[in-house]
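Below: one structure, written as structure tokens.
Note that the coordinates shown come from a computational prediction; the quantities given were computed from them, not determined experimentally. Reminder, nothing fancy here: chain letters follow the sequence lines and each chain counts from 1.
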There are 2 protein chains.
Amino acid sequence: MDLVRTSIERYVKLTDPEWAEVEPCWKRYSFAKGEFISHAGRVETRAYIVEHGVQRMYHEHDGNEHCLGFAYGNSWSGDYDSFVGQRPGRFQVQALTESSLVGIERIDLLRLYDRIPAMDRWGRLIVEELIQGRATREIEQLTLPAEERYRRLLKRSPHLMQLVPQKDIASYLRMTPETFSRLRSRVL
Amino acid sequence: MDLVRTSIERYVKLTDPEWAEVEPCWKRYSFAKGEFISHAGRVETRAYIVEHGVQRMYHEHDGNEHCLGFAYGNSWSGDYDSFVGQRPGRFQVQALTESSLVGIERIDLLRLYDRIPAMDRWGRLIVEELIQGRATREIEQLTLPAEERYRRLLKRSPHLMQLVPQKDIASYLRMTPETFSRLRSRVL
DNA sequence: GAGGTCGCTTGATCTGGGTCAAGAACGCTT
DNA sequence: AAGCGTTCTTGACCCAGATCAAGCGACCTC
């Protein structure tokens, strides 16, 4: 669980007694390739940090899948939107590779928020960071042509191309697999 | 400043001594029609609550303006992205009508976060709500055709059509003013 | 109230990317 | 290693929405 403490302490410092209270709340969860971590329509009760593996989050509508993002490294995973709002989720989160996540139940997190002010602050800082990432992505969607978005993604996460199906990257970049395929052969 | 206390207490309760500390941090700011509240490239030092008036937030790129949203009612205004990240802003916020905003300096807000745990929690809840709104908007962008997005906006904020130029609504709905004009005459 | 700017409309034309379709290549499963 | 499903590629065609252009008001300034 060092991963968790490191993750949290990138934002706020915890005393040892505080950590003693935080630590037992986190549990490890394993998912096989293709397995779902969050299901659309269900209220998400856990938030996760990725230990290893890659997951995709997507929205499904009329049989079309719209990929909103990937999780890997030590980032967040799970349907954070449903988790904070405690409303039926509008996204699916699926393991694209065999994955190990470390998760906390909402009820436990709320208790930590009440008992440890640093954790409340940590919650704020995490969401503030999330919102900045969303803004960056929205700007890129608005202003960059498809090819440039692809180049930036390649630069930012070169390994992603090896890890996830191209159709998901195409969807994430807001284009069809056909267009993406043509773009790649053109750019390469 | 009752507006502020009401706004805050929709999320967390404050004791009277706490409010006595919070209240003097907020000041009223007035903007003429067309005036800028936040400028791209500058670090935003204040967060605002709208007392009255309408503002638009937009991103400029190659001379094109992309409207990201409007603020009115008792909602937030200002470049929250730059405010939380304390990085040069990527958005402009402009008063579309004469506006009165109530604002707090970041340094004051941070002090309140340190001294009053309820305020830290309030900061978290505010951003959690923001992020849910963004998710909703992103889903609408992805799944709804232009016409349906227009209908929803009409339904959600019918007064907006009277308050802001149609070109801004067109931009918000991600289409050109020409397309928007044709769509309106078709739908009406 | 004359002139100018800006916003809105309407028409004609163009095009990036989507759709449909078919084949090739890869990687599961048995 | 054979068989099947999924993913990727390539080609032909199509269309929603962008672009270009022109005209009309409404509003503001001088």
Side-chain angles (χ1 to χ4, degrees), chain A residues 31-36 53-56 58-67 70 92 94-99 140-151 153-154 159-188, chain B residues 32-36 54-56 58-67 70 92 94-98 140-151 153-154 160-188:
Chain A
F31 297 89
K33 179 174 179 173
E35 215 176 329
F36 287 95
V54 190
Q55 301 89 46
R56 69 168 174 146
Y58 67 95
H59 177 73
E60 199 166 345
H61 182 83
D62 294 343
N64 291 90
E65 296 180 354
H66 300 272
C67 183
F70 305 96
Q92 310 257 99
Q94 186 184 30
L96 288 174
T97 64
E98 182 277 324
S99 296
E140 290 189 358
Q141 296 287 347
L142 284 174
T143 60
L144 301 179
E147 188 174 320
E148 181 58 22
R149 275 180 272 144
Y150 170 53
R151 286 187 200 279
L153 183 64
L154 261 188
H159 49 299
L160 205 62
M161 292 298 296
Q162 274 55 261
L163 288 174
V164 316
Q166 295 177 17
K167 72 182 176 65
D168 291 322
I169 298 190
S171 170
Y172 176 72
L173 295 173
R174 301 284 167 266
M175 64 185 92
T176 60
E178 292 93 328
T179 298
F180 184 60
S181 171
R182 281 185 255 265
L183 182 144
R184 285 182 68 238
S185 66
R186 208 171 61 230
V187 169
L188 235 225
Chain B
K33 178 175 176 174
E35 216 177 328
F36 287 95
V54 190
Q55 301 88 46
R56 69 168 174 147
Y58 66 95
H59 177 74
E60 199 167 345
H61 183 83
D62 293 344
N64 291 91
E65 296 180 354
H66 300 272
C67 183
F70 304 96
Q92 309 257 100
Q94 185 184 31
L96 288 173
T97 65
E98 182 279 321
E140 290 189 357
Q141 296 287 348
L142 284 173
T143 58
L144 300 180
E147 189 173 319
E148 181 58 22
R149 273 181 274 145
Y150 171 53
R151 285 188 201 280
L153 184 63
L154 261 189
L160 206 61
M161 292 297 296
Q162 274 54 262
L163 289 173
V164 316
Q166 295 178 16
K167 71 183 176 65
D168 291 322
I169 298 191
S171 170
Y172 178 73
L173 295 173
R174 302 284 166 266
M175 63 186 91
T176 60
E178 292 95 328
T179 299
F180 184 60
S181 171
R182 282 185 253 265
L183 181 145
R184 286 182 67 238
S185 66
R186 207 173 61 230
V187 167
L188 234 223

[X] [atom1] to [N] [atom2]: how many Å, rounded?
X	N	atom1	atom2	value
A:Met161	D:dC8	CE	C1'	11 Å
B:Leu183	C:dT10	CG	P	13 Å
A:Leu173	C:dG17	CG	C1'	14 Å
A:Glu98	C:dC28	CD	C1'	17 Å
A:Arg184	D:dC8	CZ	C1'	9 Å
B:Ile169	C:dC8	CD1	P	9 Å
A:Gln162	D:dC8	CD	P	12 Å
A:Tyr150	C:dG17	OH	P	15 Å

Taking only residues two or more places apart in sequence, or in another chain, which ones meet [X] in a side-chain hydrogen bond (donor to acceptor under 3.5 Å, both in side chains)?
X	result
B:Thr97	none
A:Arg151	A:Glu147
B:Glu35	none

Under 4.0 Å protein heavy-atom contact, by nucleotide of nucleotides 14-20 of chain D - B base, S sugar-phosphate only: ---SSBB

Parallel, tilted or perpendicular, as decided by the 30° and 60° cut-offs, for the rings of B:Phe70 and B:Tyr172: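 Tilted: the ring planes of B:Tyr172 and B:Phe70 meet at 30° to 60°.
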
In terms of ring plane angle, is the pair B:Phe36 and B:Tyr58 parallel, tilted or perpendicular, where the classes change at 30° and 60°? tilted

Taking only side-chain nitrogens and oxygens of A:Lys33, does any of them come within less than 4.0 Å of OP1 or OP2 of C:dC28? yes

Could you list the residues that satisfy salt bridge (Lys or Arg N to Asp or Glu O under 4.0 Å) with B:Glu98, not counting sequence neighbours?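 Salt bridge (Lys or Arg N to Asp or Glu O under 4.0 Å) check on B:Glu98 returns nothing, list empty.
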
Of the listed nucleotides (C:dC28, C:dT9, D:dT10), which one gets closest to any side-chain atom of B:Ser181?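 Out of C:dC28, C:dT9, D:dT10, the nucleotide with an atom closest to B:Ser181's side chain is C:dT9.
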
Are the side chain of B:Arg174 and the backbone of B:Cys67 linked by a donor-acceptor contact shorter than 3.5 Å? yes

Under 3.5 Å: donor-acceptor pair, side chain of B:Gln94, backbone of B:Arg56: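 Not confirmed, B:Gln94 side chain does not pair with B:Arg56 backbone.
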
Once you build an axis from the first five pairs and another from the last five of the helix from C:dG1-D:dC30 to C:dT30-D:dA1, how far apart in angle are they, to 10 degrees? 60°

Which value, rounded to the nearest 0.5 Å, describes the distance between B:Leu173 atom CG and B:Ile169 atom CD1? 7.0 Å

